[in-house]
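Notes follow once the structure below has been shown.
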Amino acid sequence: MTPRPPRMAMLHCGSHAQLATLADPALEPYGIRPVHARTGSPTDLDDADVVVVADRIRTDLLTPWARAIRARAEAGATVVILGENSVDTWWPGVREQVRPTIFWWWRTGEDSRIRRTATDHPAAAWFADKALAWHYHGVLDPPEGAASLVDLHTPEGEVDGSLLYIDEASTPGRVLVTTMDPVYHHGSGFMPGATQLLYSALRWASEGHR
């Protein structure tokens with residue numbers, strides 16, 4: 001029997017970049033169901049196999065959805081939480097710290113201090129280097145048992161924190177959390193790597209479900 005494709009929902013707040021991303025023809029095969037944070041109901045996520053929390057949703061709009069999003073992970077679904085969402089205020093077990101954003105390091109030759117890690121993790125194969133090393137807004141201290149796929153280092157070479165981690169230990173589901181904001185940059189039409197990260201995360205979430 002051919003497995004059915006996963007039911008995928010994207011929580012958003014109707015920004016121009018989010019709507020442009022949802023209108024991208026390349027995403028049509030995923031059958032993404034848009035769920036508006038203002039007008040939707042948490043029950044709209046009840047049957048979702050994959051929940052994507054688009055980046056840059058206001059905290060007052062996002063917090064009421066926290067229980068429903070967590071419930072999907074507890075039910076074995078995949079949850080993808082993108083950046084600029086103050087994740088540590090509504091998702092348990094993670095601490096986030098803001099870091100200055102270096103926008104054009106690849107033009108200036110400046111060291112981004114972004115380093116891949118856990119390259120033997122099964123999810124690592126889904127993400128090319130350019131998908132993981134382009135941008136960030138902070139660092140994460142992942143929960144115990146989670147695997148960071150990319151870290152930010154300090155100028156002295158020490159690990160400052162994770163820029164993207166996958167947690168398959170805290171719930172029966174899978175949770176990807178990042179401080180990068182690919183929906184904003186993809187929908188706005190700029191920033192190398194943003195589109196690659198968005199597409200890679202959706203492929204990982206979709207194929208991994210099967």
Side-chain angles (χ1 to χ4, degrees), residues 3-96 137-138 140 142-143 146 164-188 194 197-210:
R4 64 166 177 79
R7 292 181 288 260
M8 186 178 296
M10 181 180 288
L11 184 66
H12 69 99
C13 61
S15 73
H16 74 282
Q18 293 167 355
L19 296 179
T21 294
L22 287 165
D24 180 357
L27 302 190
E28 288 183 8
Y30 295 104
I32 297 173
R33 181 170 70 243
V35 179
H36 201 295
R38 285 185 183 273
T39 60
S41 166
T43 59
D44 293 337
L45 304 181
D46 283 353
D47 67 342
D49 302 304
V50 177
V51 175
V52 180
V53 181
D55 44 69
R56 296 179 178 242
I57 300 177
R58 278 175 25 196
T59 305
D60 62 313
L61 296 177
L62 185 51
T63 300
W65 292 84
R67 182 175 297 179
I69 298 168
R70 178 75 179 189
R72 296 314 303 145
E74 293 290 352
T78 296
V79 174
V80 176
I81 303 173
L82 302 177
E84 290 286 80
N85 276 324
S86 301
V87 64
D88 59 338
T89 66
W90 59 274
W91 191 263
V94 59
R95 186 170 64 97
E96 181 177 14
H137 287 275
L140 303 164
L164 183 150
Y165 73 79
I166 292 176
D167 182 8
E168 299 173 297
S170 299
T171 70
R174 304 180 304 160
V175 180
L176 183 155
V177 183
T178 182
T179 65
M180 292 177 272
D181 49 347
V183 168
Y184 173 78
H185 290 288
H186 175 71
S188 299
L197 176 58
L198 177 65
Y199 289 177
S200 297
L202 295 179
R203 285 196 297 267
W204 168 79
S206 177
E207 295 297 324
H209 166 76
R210 298 177 187 179

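We're numbering straight along the sequence, starting at 1.
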Is the shortest heavy-atom distance from the side chain of [X] to the side chain of [Y] under 4.5 Å?
X      : Y      : result
Leu197 : Leu164 : yes
Asn85  : Trp91  : no
Asp167 : Val177 : no
Leu11  : Leu62  : yes
Trp90  : Ile81  : yes

Indicate the atoms forming the closest heavy-atom contact of [X] with [Y], along with that distance.
X      : Y      : answer
Pro182 : Ala194 : CB-O, 3.4 Å
Val50  : Pro6   : CG2-CB, 4.2 Å
Ile32  : Ala9   : CG2-C, 4.4 Å
Gln18  : Gly14  : OE1-N, 3.1 Å
Arg33  : Leu45  : NH2-CA, 4.4 Å
Arg38  : Arg58  : NH2-NH1, 3.2 Å

Val53 vs Leu82, side-chain contact (heavy atoms from CB on, under 4.5 Å): CA-CA, chis, key distance, verdict: CA-CA 6 Å; Val53 181; Leu82 302 177; over 6 Å; no
Set of side-chain contact (heavy atoms from CB on, under 4.5 Å) partners for Glu96, sequence neighbours left out: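 Applying side-chain contact (heavy atoms from CB on, under 4.5 Å) to Glu96 gives Val87, Asp88, Leu140, Thr179.
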side-chain contact (heavy atoms from CB on, under 4.5 Å) between Asp55 and His185, worked out: CA-CA 10 Å; Asp55 44 69; His185 290 288; over 6 Å; no
Straight-line distance of Arg7 CZ to Asp47 CG, nearest 0.5 Å: 5.0 Å
From OG1 (Thr178) to NE2 (His137), nearest 0.5 Å: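 Between atom OG1 of Thr178 and atom NE2 of His137 there are 9.5 Å.
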Asp24 (side chain) donor-acceptor with Thr21 (main chain) under 3.5 angstrom: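 Not at all, since once roles are kept as given, no pair shorter than 3.5 Å links the two residues.
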Side chain Arg174, main chain Ala205, donor-acceptor under 3.5 Å: yes
Contact list for residues 65-87, test salt bridge (Lys or Arg N to Asp or Glu O under 4.0 Å), sequence neighbours left out: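 Every salt bridge (Lys or Arg N to Asp or Glu O under 4.0 Å) pair that includes a residue of residues 65-87, provided the two are not neighbours, is Arg70-Glu74.
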Test log, rule side-chain contact (heavy atoms from CB on, under 4.5 Å), inputs Trp65 and Val51: CA-CA 11 Å; Trp65 292 84; Val51 175; over 6 Å; no
Criterion side-chain contact (heavy atoms from CB on, under 4.5 Å) on Leu22 and Leu27, from CA distance to verdict: CA-CA 7 Å; Leu22 287 165; Leu27 302 190; 5.8 Å; no
Aromatic ring pairing Tyr184/His16, orientation class (parallel under 30°, perpendicular over 60°, tilted between):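 Rings of Tyr184 and His16: perpendicular, as their planes differ by over 60°.
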